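Values in this document were obtained by computation on a predicted structure and should not be read as measured data. Along the sequence shown, residues carry numbers from 1.
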Amino acid sequence: MMLDFDASPYGAYVWPAFAITALVFAGMIAASLAHARRWRARTETLRRTAEAAEAARRSAPTEAPAP
């Protein structure tokens, strides 16, 4: 199968449009991955904080009831 990349008189418009589209998609993917990394880091921080609070609550001495 032979691919024909000749866009004739429209090539000056078609190829830059393809290039711009590819750059925009790459930027969107990069931004999405960066946001996912930040979200995951924040989730792990919150999870560790919750686990530490739970451990502190469990190890705290319980108060004796007042007579």
Side-chain angles (χ1 to χ4, degrees):
M1 181 172 159
M2 191 80 166
L3 296 175
D4 184 16
F5 292 113
D6 181 25
S8 297
Y10 304 108
Y13 305 103
V14 171
W15 295 115
F18 284 159
I20 291 169
T21 301
L23 289 174
V24 169
F25 279 165
M28 290 171 61
I29 291 168
S32 178
L33 291 174
H35 180 72
R37 280 192 292 271
R38 286 191 303 270
W39 181 61
R40 180 177 291 227
R42 178 69 176 147
T43 302
E44 289 301 319
T45 301
L46 291 173
R47 183 173 293 141
R48 282 193 301 269
T49 302
E51 288 172 355
E54 179 66 19
R57 186 186 63 80
R58 287 184 183 179
S59 66
T62 56
E63 294 183 22

Residues pairing under side-chain hydrogen bond (donor to acceptor under 3.5 Å, both in side chains) where one sits in residues 51-60, two or more places apart or in two chains, turn out to be Glu54-Arg57, Glu54-Arg58
Between Gly11 and Pro16 the two heavy atoms that sit nearest each other are O-CD, 3.7 Å
In short, side-chain hydrogen bond (donor to acceptor under 3.5 Å, both in side chains) pairs touching residues 28-46 with sequence neighbours left out are Glu44-Arg47
Is Trp15 reachable from Tyr10 through a run of hydrophobic residues whose side-chain heavy atoms are each under 4.5 Å from the next? yes
Apart from Val24 itself, members of its ILVMFWY cluster (side-chain separation under 4.5 Å) are Ile20, Phe25, Met28
